[in-house]
2 protein chains.
Amino acid sequence: MSDALSAIKRFSRYQSDDAQSGEPVHCPVRDVLDRIGDKWSILMIMTLATRPQRFSELHRAIRDISKRMLTQTLRDLERDGLITRHVFPTKPPSVEYCLSPLGHSLLEPMASLIDWADRRHSDIHAARVRFDGAPCDVPHS
Amino acid sequence: MSDALSAIKRFSRYQSDDAQSGEPVHCPVRDVLDRIGDKWSILMIMTLATRPQRFSELHRAIRDISKRMLTQTLRDLERDGLITRHVFPTKPPSVEYCLSPLGHSLLEPMASLIDWADRRHSDIHAARVRFDGAPCDVPHS
DNA sequence: AGGGTAGGTCTCATATAAAGACCTCAGACC
DNA sequence: GGTCTGAGGTCTTTATATGAGACCTACCCT
C-alpha cells in the first residue's frame, strides 16, 4: 500500500507541476498510459506474451479487430519499442511480431491489472445493474 | 513472473473461448479495461486517491478536461461503483466525490502500471525518436 | 443591477476509430 | 490460362468520442 501511494504521489506531482506552470499539460505518465490505453494495445501485448506471432495469426487471435487497426496498433507499439517486427523474405513475405524486452517488462504490471479486472468484474457488473435500475436514489438534478 | 503468466493465461482463455464460440466477443477483462482505459478515468481515480474532492476541485486539478467529460467520466465511474457521489444540501449545493472500497482496490494494480510508465518513459521516448528518425531501416513495403 | 460561485446541461465542431472494399504478388488447382 | 487462396497491407467512408464554449438555476455580495 505504501508502495501504491508513493507511485500515486509521484504521479500527482507531475500533474500539479503542470497545472501550475505554463499551458500545455505534459505528464510523462499520462503520455505513456494514453498510448497503451487505447482499445487494442493491451490485448495485442497479451496475445504476443505467449509467443511471437505473424500478422494473420494475430488477426485470427483477435477476431474483432480490423486489419487497419491491427496494422496501426502494431506500428504504434513498434514505434514505442514495445514490440519488434521481422520481415522474412519468403514468397510471399511473412512478418513476425514479438515482444521486445521493454514490452516484456510491461507484462507484470499489466498482469496485476488484469487480475484485478478478472476478480472484480462481477462487482462492477452488479454496480452497473444497480445504477441503471435505480437512477433516482441520488437524483442528479 | 509465474503470477503474471497465470493472469495472462486466464485472460487468453477468455479470448480464445470467445474466438471459437459464437460471434460477439465478450471478455469480462476487456469489458472492464475498455471502460477504465478511456482518456480520463485513470487520472480521475488517481486524483481522488489522495482525498475526496468536489467537482470544481477536480476541474482545477485536471485543467485540460472539459466540464462535459468531467461530468461524464464521473458518472461512468459512479455507475461502475468505483466512486461515490454525495450531495450536500448547502446553498448552492456542493457535491463531493470519493473512492469506494472497490475503487480503492484498484489503486494498487494501477500504481504498479504507473510505476512502470514512470520508470520506462525515457526508454519509450528514445524508441520513438529512433523510429521517427530512421523510418527506412526496416522498410514496410 | 451586476458579478461571482457551484454544478452542471446543451449544441455544434472536430479528431479518432472502425468497417469493409480493394491491391499485389505468388503458388496451387484443374 | 483462368481463377482461387493467403499474406500483408492501403484507401475511402462512416460512426463514435472528445472538445469548446454558451447557457441555466439559485444564492450571496456589493
Side-chain angles (χ1 to χ4, degrees), chain A residues 23-25 30-31 33-44 47-48 52-80 83-98 135-136 138-141, chain B residues 23-25 30-31 33-44 47-48 52-80 83-98 135-136 138-141:
Chain A
E23 288 306 314
V25 173
R30 277 178 65 182
D31 187 40
L33 293 187
D34 283 354
R35 260 300 346 279
I36 65 166
D38 67 5
K39 187 164 182 183
W40 303 109
S41 291
I42 292 187
L43 194 52
M44 196 72 65
T47 304
L48 286 173
Q53 286 179 70
R54 292 171 50 185
F55 188 88
S56 306
E57 288 180 284
L58 289 168
H59 201 183
R60 277 189 291 271
I62 309 173
R63 281 181 314 112
D64 55 342
I65 192 174
S66 66
K67 284 180 175 188
R68 191 186 169 285
M69 289 313 293
L70 180 54
T71 302
Q72 185 178 311
T73 304
L74 288 168
R75 286 285 179 285
D76 288 344
L77 292 175
E78 185 193 2
R79 183 169 109 96
D80 285 357
I83 66 176
T84 57
R85 180 180 188 268
H86 297 288
V87 180
F88 297 101
T90 56
K91 304 274 184 141
S94 57
V95 181
E96 189 180 77
Y97 296 92
C98 72
C136 297
V138 180
H140 285 156
S141 56
Chain B
E23 287 310 310
V25 172
R30 280 178 65 182
D31 186 41
L33 293 187
D34 283 352
R35 258 302 344 281
I36 67 167
D38 67 5
K39 189 164 181 180
W40 303 111
S41 291
I42 291 186
L43 194 52
M44 195 73 65
T47 305
L48 286 173
Q53 286 180 68
R54 290 168 54 182
F55 188 89
S56 308
E57 288 181 284
L58 289 169
H59 202 184
R60 277 189 293 270
I62 309 174
R63 281 179 317 112
D64 55 341
I65 191 175
S66 63
K67 282 183 175 186
R68 190 183 169 287
M69 287 314 292
L70 181 53
T71 303
Q72 185 178 311
T73 304
L74 288 167
R75 287 285 180 284
D76 288 344
L77 292 175
E78 186 193 1
R79 183 169 108 96
D80 284 356
I83 65 177
T84 56
R85 180 180 187 267
H86 296 288
V87 180
F88 296 102
T90 57
K91 303 279 184 131
S94 56
V95 180
E96 191 180 75
Y97 294 92
C98 71
C136 298
V138 181
H140 285 154
S141 55

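Proteins come first, then strands; the chains are lettered A, B, ... in the order of their sequence lines, and each starts at number 1. Fair warning: this is a prediction, and the values are worked out from it, not measured in the lab.
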To the nearest angstrom, how far is A/Asp34 atom CG from D/dT18 atom P? 11 Å
Given atom CG of A/Asp64 and atom C1' of C/dA17, what is their separation to the nearest angstrom? 13 Å
Below 4.0 Å: OP1/OP2 of D/dG19 and any side-chain N or O of B/Trp40: yes
Given D/dA7, D/dT10, C/dC10, identify the nucleotide with an atom nearest to the side chain of B/Arg68. C/dC10
Side-chain N or O of B/Arg54 less than 4.0 angstrom from OP1 or OP2 on C/dG7? yes
Taking only side-chain N and O atoms of A/Ser56, does any of them lie within less than 4.0 angstrom of OP1 or OP2 on D/dG8? yes
Rounded distance in Å - CZ (B/Arg63) to P (D/dG19): 14 Å
Which nucleotide in D/dT10, D/dA7, C/dT9 has an atom nearest any side-chain atom of A/Arg60: D/dA7
Go through D/dG9, D/dC11, C/dG7 for me and flag the one nearest to the A/Arg75 side chain. D/dG9
Heavy-atom closest pair, residues B/Arg30 and A/Asp64: NH2-OD2, 3.2 Å
Using whole Å, what does the distance between atom P of nucleotide D/dA17 and atom CZ of B/Arg35 come to? 11 Å
Go through B/Thr84 and B/Glu96 one step at a time and tell me if the side chain to side chain contact (heavy atoms under 4.5 Å, CB included) criterion holds. CA-CA 8 Å; B/Thr84 56; B/Glu96 191 180 75; over 6 Å; no
Looking at A/Arg85, I'd like to know whether one of its side-chain N or O atoms comes within less than 4.0 Å of OP1 or OP2 on D/dG9. yes
Ignoring backbone atoms, establish whether A/Ser66 has a side-chain N or O less than 4.0 Å from OP1 or OP2 of C/dG20. no
Measure the distance from CG on A/Leu58 to P on D/dG8 and round it to the nearest whole Å. 10 Å
Between B/Asp38 and A/Phe55, who's closer to the 5' end of DNA chain D by nearest nucleotide? A/Phe55
Without decimals, in angstroms, what is the distance between A/His59 NE2 and D/dT5 C1'? 16 Å
Ignoring backbone atoms, establish whether A/Tyr97 has a side-chain N or O less than 4.0 Å from OP1 or OP2 of D/dA7. no
Any side-chain heavy-atom pair from B/Trp40 and B/Leu70 closer than 4.5 angstrom? no
Please report, rounded to the nearest Å, how far the P atom of C/dT16 is from the CD atom of A/Gln72. 10 Å
May I ask you to test the B/Met44-B/Ile83 pair for a side-chain heavy-atom distance under 4.5 Å? no
Could you say whether A/Lys39 or B/Val95 is positioned toward the 5' end of DNA chain C, judged by the nucleotide with the nearest heavy atom to each? B/Val95
Identified side-chain hydrogen bond (donor to acceptor under 3.5 Å, both in side chains) counterpart of A/Tyr97 within the set A/Glu57, A/Arg54, A/Arg85, A/Glu78: A/Arg85
Atom-to-atom span, NZ of B/Lys67 to P of D/dA17 - whole angstrom: 23 Å
